[in-house]
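Counting starts at 1 for both ligands and their atoms, in listed order.
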Amino acid sequence: MLKLRQSPVLASKQLKGALDKHGYQVTTYARPHDLLITRGKGSKLYDDLHNKSYVDFTAGIAVTSLGHSNEEVSRILCEQSKKLIHSSNLYYNAECLDLSKKIVEKTKSLGGQYDCSKVFLCSTGTEANEAALKFAKKHGSLLGPKKHGIIAFKNSFHGRTMGALSVTSNPKYRTPFGDLVPGTSFLNIHDELSVFSDFIKNKKDEVAGLIVEPVQGEGGVFPIPVEKLVGLKQICSENDVVVIHDEIQCGMGRTGKLWAHAHLPKEAHPDIFTSAKALGNGFPIAATMVNEKINSALQVGDHGTTYGGNPLGGAVASYVMDVIGNEDFLEGVVRKGEIFQGRLMKLCESYPEQIKDLRGQGLMIGLEFTEAPKELISKCRDLGLLVITAGKSTVRFVPPLTISESDINEGLSIFEKAVNEVYA
Ligand SMILES: Cc1ncc(COP(=O)(O)O)c(C=O)c1O
């Protein structure tokens with residue numbers, strides 16, 4: 001048995017062999033072989049095996065928004081685990097009743113879904129989207145026998161299970177897996193609204209829902225223009241098509257509002273929206289929020305999950321909601337985003353040949369290069385900074401929302417140095 005807590009360096013050395021050839025893990029990830037994360041604190045990650053520390057601009061892919069090893073999160077997990085971890089969805093538990101109430105109330109008071117009504121709790125982003133798709137289809141089934149199709153967008157990412165994969169456009173993720181859920185159509189978000197309008201009107205009797213990320217994450221960090229989301233909602237409402245916003249990556253304060261759709265006028269708010277990632281700061285919990293129109297279409301037995309809505313997740317997410325669902329905290333995210341954008345803009349000016357675009361909102365930022373920045377990512381790692389890509393050639397910055405200004409500046413200095421070394 002490895003005693004990581006007592007002697008991290010020694011224990012990590014025993015793991016060295018496991019770093020080669022994926023150890024005993026299946027080969028579905030391309031991971032660097034010179035990196036083994038042993039612990040984290042705030043916006044820093046540590047590899048005790050190689051005696052290295054990193055500024056973390058990835059936050060576990062937009063998950064640990066309150067920082068690694070957040071003390072209050074750890075305390076709550078510890079206390080709650082001594083009280084009750086799991087009791088199933090056969091019975092109510094106080095923690096998830098409290099969390100659901102908090103989500104609905106904060107959503108309404110902080111400019112999110114104005115008619116937010118009910119919450120379905122589960123464990124992962126993919127599952128939250130599966131629930132959203134099923135709820136939309138159930139609503140459609142009450143309006144017509146064929147109304148179960150879903151519209152999604154090119155460049156989207158909604159998850160890896162067969163249902164969520166059906167609405168994820170990337171052929172690399174889809175092709176090897178044969179037939180997916182039928183009835184999905186992919187449109188191009190950059191098309192004119194008239195194209196959507198024609199398509200949706202024509203297919204009115206066959207389309208139950210439309211799913212969109214207000215800021216496309218994995219696809220390359222593309223904020224969808226407000227007028228597009230406003231127009232889409234209007235067209236969908238006129239044709240009884242349910243609008244789902246996937247806020248798994250861009251929600252929970254990441255864009256500087258509690259939800260990305262809170263940047264939209266009320267009439268463009270979704271009927272359903274989903275959250276995961278930052279909701280549990282790393283503890284697996286996810287949620288699907290619906291308005292009363294959707295809730296009234298649901299019946300006992302329509303959906304379920306064993307782990308979803310457990311008190312451990314409920315307790316921690318309740319705390320995360322309290323911290324992120326606070327106007328001062330959200331203003332801080334906007335301010336930090338501006339520091340990022342300001343420094344990255346200067347880099348764009350210095351490297352007009354290599355850097356194509358700077359996009360983003362709050363602390364969800366993408367810097368698009370003209371070519372895949374593979375060498376840059378590994379140079380950053382060598383120098384002590386973790387960043388990830390999005391799409392084909394975009395570097396994605398999604399640090400913890402609690403990151404300090406000094407960690408932002410330290411990380412950006414490393415990034416600038418790496419860019420200079422790779423491209424100068
Ligand atoms: C927008 C979006 N939707 C869904 C998912 C899937 O979430 P999970 O990996 O928790 O299943 C992700 C994960 O990256 C995502 O970014």
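Heavy atoms of Arg160 come nearer than 4.0 angstrom to ligand 1 in no pair at all. In this structure, Asp246 has a heavy atom closer than 4.0 Å to ligand 1.
What sits closest to atom 16 (O) of ligand 1 on the protein, heavy atoms only, is Gln249 NE2, 2.8 Å. In terms of protein heavy-atom proximity, atom 10 (O) of ligand 1 is nearest to Gly125 N, 2.9 Å.
Using the six-membered ring where Trp is involved, Tyr114 and His269 have ring planes that are tilted, between 30° and 60° apart.
Using a cutoff of 4.0 Å between basic side-chain nitrogens and carboxylate oxygens, Lys277 and Glu247 are not scored as salt-bridged. The residues Glu218 and Arg396 are annotated as salt-bridged, a charged nitrogen and a carboxylate oxygen being separated by less than 4.0 angstrom. Salt-bridge formation is detected for the pair Glu95/Lys83: a Lys NZ or Arg NE/NH1/NH2 atom is positioned less than 4.0 Å from an Asp or Glu carboxylate oxygen. One finds no salt bridge joining Glu105 and Lys102 here, because no Lys/Arg side-chain nitrogen approaches an Asp/Glu carboxylate oxygen to under 4.0 Å.
Cation-pi check for Arg381 over Tyr54 is not met; the charged atom does not lie both under 6.0 angstrom from the ring centroid and within 45 degrees of its normal.
The distance criterion of under 3.5 Å between nitrogen or oxygen atoms is met by Thr126 with respect to ligand 1. Remark: ligand 1 and Glu127 share no N or O pair separated by less than 3.5 Å (distance only, no angle test).
Atom numbering of ligand 1 starts at 1 in the shown order; those under 4.0 Å from a heavy atom of Asn129 are 3 (N), 4 (C). Within the listing of ligand 1, atoms 3 (N), 4 (C) sit less than 4.0 angstrom from a heavy atom of His158. Listed by number with element, the atoms of ligand 1 under 4.0 angstrom from any heavy atom of Thr124 are 10 (O), 11 (O).
The environment of Glu206 atom CD is dense: over 12 non-hydrogen atoms of other residues, nucleotides or ligands sit within 6.0 angstrom.
Heavy atoms of Glu213 found under 4.0 angstrom from ligand 1 belong exclusively to the side chain.
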